Amino acid sequence: MPETNGAPKIGVYVCHCGVNIAAKVNVSEVVEFAQKLPFVTVAREYKFMCSDPGQELIQQDLREGKVNRVVVASCSPLMHEATFRRATAEGGQNPFFFQMANIREHVSWVTEDERDATEKAKALIAAAVRRVAVHQPLERKRVPVHPHVLVVGAGIAGIEAALKIADAGKKVYLVEREPTIGGHMAKFDKTFPTLDCAACILTPKMTQVRAHPNIELLTYSEVESVEPYDLRNFKVRIRRKARYVNEDTCTGCGLCADVCPVTVPSEFDEGLGTRKAIYRPFPQAVPNVFTISRRGTPPCQAACSIHQNAQGYITLIAQGKFKEALEVILRDNPLPSICGRICTHPCTLNCTRATVDEPLNIPGLKRFVTDLFPDYKLPQPKANRSERIAIVGSGPAGLMCAYELRQRGYWPTIYEAQPVPGGMLALGIPAFRLPRDVITKEINRLKEIGIEIKTNTPLGKAITLEQLRKHYAAVFIGIGAHVERKLKIPGEDLPNVWGGIEFLRRVNLEGPFKLGEKVLVIGGGNSAIDAARTALRCGAKEVTIVYRRTRAEMPADPKEIAAAEEEGVTMIFLAAPKTILGSKETGVTGLECLRMKLGAPDASGRPAPEPIPGSEFVLSCDAIIATIGQVPDIASLGEQLGIETTKWGTFKVDGVTLETNVPGVFAGGDCVTGPDVVVNAMYAGKKAAISIDRYLNKLDMRAGRELEGPYRTEYAIDTSGTPVQKQIPMPAIELGRRRTFDEVHTGYTQELAIAEAKRCLDCAICCDCRLCSTVCEPKAINYEMKDKIEEIVVGAIILATGFKTFDPRRAPYTGYGRYDNVLTALEFERMVNSAGPTGGKILLKNGKEPKSIGIIHCVGSRDKRFNPYCSRVCCMYSLKFAHLVKERTKAEVYNFYIDLRAFGKGYEEFYNRVLSEGARLIRGNIGEVTDVALSPEEEGKLIIRVEDTLAGVVRRIPVDMVILATGLEPQADAEEVRRKFSISCSKEGWFLERHPKLAPVSTFTDGVFIAGTCQGPKDIPDAVAQAGAAAAEALALIDRGFVELEPNTAFIQEELCSGCKTCIPLCPFNAISFTSEKGIAVINEALCKGCGTCVAACPSGAAQQHLFTDEQIYEEIEGVLSYV
Amino acid sequence: MSNDWEPKIVAFFCTWCTYTAADLAGISRMTYAPNGRIVRVMCSGRIDPQFVLKAFADGADGVLIGGCHPGDCHYQAGNYKALRRYTLLKRVLTEMGIEPERLRLEWISASEGDRVQKVMNEMAEQVRRLGPLHLEKASRRAQVKEKEREAVGVRS
């Protein structure tokens, strides 16, 4: 390579660094050694090379032409490389004719033996000399710095930094993840040592932030990613979390919170107080707007096929807001009084309360509301359209489909084959479970909103599909499954052998009739139970259910099984029918059964029953009801209609749209799925209605329908403190009346309903009752709001992300979490705050004022088990607490400390003041806090066991309340955040500054600064001072408008490049491309960040890196190895 | 230095993590074996396998590579590239008759001064146990190995 300043004349300057280097390294010997190295013309030593006279030495030699390249052997280049490069430049040479040998951090400070240190220093100097001899002159490139600044975290440090920068006329984005700015300081009552009210000094600053034209405040937002925008600027993506309240229109009036039925512990009050689901953390919050806490869809609602908002109406019932509860119910369900009685309630299977004791009686609560308002009306359709839709079948599928279509403005007509509408609801379910007038009323409500129902009009007989298709815009078929499956055993055709549905239909249509004295019911589903209980009500003396598995496998609702047994139904398990005995003349006389045993699980997951050969036995009876399932009646119908069917005898439909092969004809419910429960039929009706609406509007019928139907959600809900309180049983009529068709369950009373509803755990927090939107005058509430990503470009970033407090549950000796009156420091801050949950009164859990309080210092700090460091603020705030207790109560205060650290301005004076106020200080580590009393005066107290190290005795101090001076810890996500911003953390997890003394707010990433407690524990004055420093650093950077970059970019030596393209995919910054004209790689210097990965991989050595060429590193390797 | 042989170790440290950690070890006055000679690079991804070979050729008895922890690279993924090259190098060294234990790769973050101390000490001890690297002997070892392979019919 060409030399540009003549033959090398190297000057070596060895620094003593006072005694830092000279005490270990024999500097004179090193200088003597250096003098003999090739190209070295001058070798000198000096006490402090970094001082002005030290630098002058170098400059003079350069100016006099004695040297043209410089080696300084002193401290780390990370410390003073810039200093000596400047000196070299001021001496008239290119600053890159300089190399540093680190003989302090890497030699004198880490080497035991003086001899070893001296030799190691020589090796490093030899390497530097050889290296600098092949250095090249380089130019620094200037790149512009974007003038905007991002401040992350809006506690006191972030607020201060943002204000400083904004005041200087620069634009600041202030991002805060909580709904309000203010951070921890906003929670404090007074601040030490001046006892200023924290709110009084903080809130004016918060207001300033809100009003400042240069600050763009992004609360309830988090930094999603940080990427290089160019060489020196950052592209930051910010997630604006949905607060479901429009920040611009919300006036902060608070009417919404007044009506909100959901109460949860307030995070701002550290759980000592409560807030609503729609909330503002505290009245002075900035921005002064509300936020809704929504976890998403509650598990009960998600599990429901029609997504009935159970948490919504249950929360309202608990509040006594029954009318509002009804409105929430009617939002999703037009048949609530039916569902409230007979729905199989999949919601309760997913109820979080079941993990504590028992799920809520969700259908029972729904029924309670509908019973309370027997004359309620369904919502009127919001629109009217011209299209008419035909619906075949008036079961739950058809009714739901009709309702959903009517709500969308269409005019549905339902065709029903039977003389009564309702399908299986009316034919298959007995009146003692679902009174007929309940069905009639529900159907009348549907008629009232414009749905027409034509009974006695069977499809295929009274009317054809062709006619329907001709006269209606679309057709939905929901004809159910009414054909009984056969037992396929001998004797099935004997008189008085009934199918379950056949029997129930007859009773439902024609009234009870005497079936027999001794009735056997075959099957284990809900129909079997219904048939058995109906048989009893028809006058049978003895009713027995015969089931081939055991009770555990019965598909029927356990509550129904229990009710049947209560009423006198007996059960025979592990028995399968073999032959029905009797003759045409005698009728049925008995049932021959086989004993069964349970085998391996079958396809349904239940153990398969296996017959035991030779185990036949006979049950005598005079009637048999077989309830083993039904199939749709489409064997003949399907072909005639031209609709494809499946091999199971059901209609074949598209799984997403429910459309059949005939365009415009949809089908759903039991005739598609086979026999299923009411809510799933309703789901099918709703699904078909959505498809029909899209079909008629010529929209995509398939798009965005993933979340229809049941799914599972789970939330990590802390149920640890929830007392066990089982489901409240629903009142029922006495057993004596259970031989009539009177409804068995009479429903909850108001008191019972409220008590049952209060068991709800508010899984999703916001229950989506939407009461808030009814009172919000500016219409600021938007439930459909979604998270948004905003992208900004900034030239500097200040991280002020703060701390979290030590969780004393990790330190069981403190008794926290076990004893009521053990509080953390932050909890006490809230308690003692006049705006806090107790209005500033210091109170025990029982509401009384404590007579004595113990304050335990260093909880989680200065403790090898937790954190080795001192949290720096606890001593002083503990003294502040002692003062506040003395000021507000007559209680005795004990401070238990290890050392008292009152290092700040006015702190020692404050300590003396608190002492003079009568606070007692006991030096010593706490053994434990216990409630085990050893003497009468300890009874009912918390006893602090402590070794008093001044008195040299172990003492037991009984107190009423214990306050734990919990230490400061890095935020739980500090690691994630530091990665996002490419900075380092100390071992404990605090963000690492570039230099502990000289660059306390800079990081190793240029343009990223840190302020406040994210860097380490500190008090408010220090945090504010650091914020100012960080602001000044950021301002210095952006105000100059450019930075000079280290010229360590990679370059291609064109004549050596073979065009192999190895380097191209390696570059993380896409700086390398291939030019086809020359057939070689080119590096875009504006994108290269100087890592050198491409250089290491280049097979021909064509790729090189300025400041780190292969040649330079080879020289360095040879130097460290070959000096002797 | 005593007359006893002392291993020479070249340590290539990335400037962002391990080099800074070595500075921290110094600031914290953590003394360790003086055998390591640190060569600073911007990224462990800059470490050309030839640097390691050259160090051995020029008299190093051991080579240490220090980079940022996975996921922490200042340049996104240079340390992963270093890891791949290191794995390959280990195999090449074995082929050359050089014990692969003479080469070590460590992830040391800027806050882990104590780890620099520990690794430098361990490395010195390790190489001391292996004894001086004589390339001629190494080459002979490689030849013997080759012959052994031929004897069992494996061609390299």
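Naming: A, B, ... by sequence-line order, numbering from 1 per chain. These numbers come from a predicted model, not from an experiment.
For a residue to count as touching a neighbouring chain, one of its non-hydrogen atoms must lie under 4.5 Å from one of that chain's; by this rule A:S984 touches chain B with the side chain only. For chain B, no part of A:L1107 is nearby; none of its heavy atoms comes within less than 4.5 Å. For a residue to count as touching a neighbouring chain, one of its non-hydrogen atoms must lie under 4.5 Å from one of that chain's; by this rule B:A55 touches chain A with backbone and side chain alike. Proximity to chain A (any heavy atom under 4.5 Å) is shown, for B:T20, by both the backbone and the side chain. Heavy atoms closer than 4.5 Å to chain B are found in both the backbone and the side chain of A:A1097. Heavy atoms of A:D1110 lying under 4.5 Å from chain B belong to its backbone as well as its side chain. Only the side chain of B:R85 comes within less than 4.5 Å of a heavy atom of chain A; its backbone N, CA, C and O stay farther away. B:V10 touches chain A through its side chain: at least one heavy atom from C-beta onward sits under 4.5 Å away, while N, CA, C and O do not. With a threshold of 4.5 angstrom between heavy atoms, A:R978 approaches chain B through side-chain atoms but not through N, CA, C or O. Contacts between A:C985 and chain B at a heavy-atom distance below 4.5 Å involve the backbone alone (N, CA, C, O). Heavy-atom distances place both the backbone and the side chain of B:I27 under 4.5 Å from chain A.
Ring-centre distance between B:W16 and B:H74: below the 6.0 Å cut-off. Between B:Y19 and A:H106, the distance separating the two ring centers is shorter than 6.0 angstrom.
The closest side-chain donor-acceptor pair between A:E105 and A:S76, if any, does not fall under 3.5 angstrom. Judged by distance alone, the side chains of A:E969 and A:N867 do bring a donor and an acceptor atom under 3.5 Å apart. Neither side chain, A:N26 nor A:E114, offers a donor N or O lying under 3.5 Å from an acceptor on the other. Looking only at atom types and distance, the side chain of A:E1111 has no donor-acceptor partner in the side chain of A:T1109 under 3.5 Å away.
Per-residue heavy-atom pair counts under 4.5 Å with chain A were compared for B:G78, B:A57, B:S109, B:G71, and the maximum is reached by B:G71. Chain A forms more heavy-atom pairs under 4.5 Å with one residue of B:K54, B:E112, B:Q50 than with any other, namely B:K54. Chosen from B:D114, B:N35, B:L24, the residue pairing most often with chain A at heavy-atom distances under 4.5 Å is B:D114. Contact count versus chain B (heavy atoms, under 4.5 Å) is highest, among A:R104, A:M79, A:Q1105, for A:Q1105. For chain A, the option among B:M42, B:R29, B:Q76 with the highest count of heavy-atom pairs below 4.5 Å is B:R29. Heavy-atom pairs under 4.5 Å with chain A were tallied for B:S44, B:G36, B:C14; the largest tally goes to B:G36.
With salt bridges taken as basic N to acidic carboxylate O contacts below 4.0 Å, one links B:D72 and A:R979. The pair B:R40-A:E1116 fails the salt-bridge criterion, with no side-chain N (NZ, NE, NH1 or NH2) lying under 4.0 Å from an Asp/Glu carboxylate O. A:R131 and A:E1115 are not joined by a salt bridge, as no carboxylate oxygen comes within less than 4.0 angstrom of a charged side-chain nitrogen.
A cation-pi arrangement is present between A:K1089 and A:F1069, with the terminal nitrogen or guanidinium carbon under 6.0 Å from the aromatic centre and inside a 45° cone about the axis.
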Report the C-alpha separation of A:R115 and A:E29 in whole Å, then their side-chain angles, then the decisive distance to 0.1 Å, and conclude whether the salt bridge (Lys or Arg N to Asp or Glu O under 4.0 Å) test is met. CA-CA 11 Å; A:R115 209 50 258 137; A:E29 187 186 324; 2.7 Å; yes

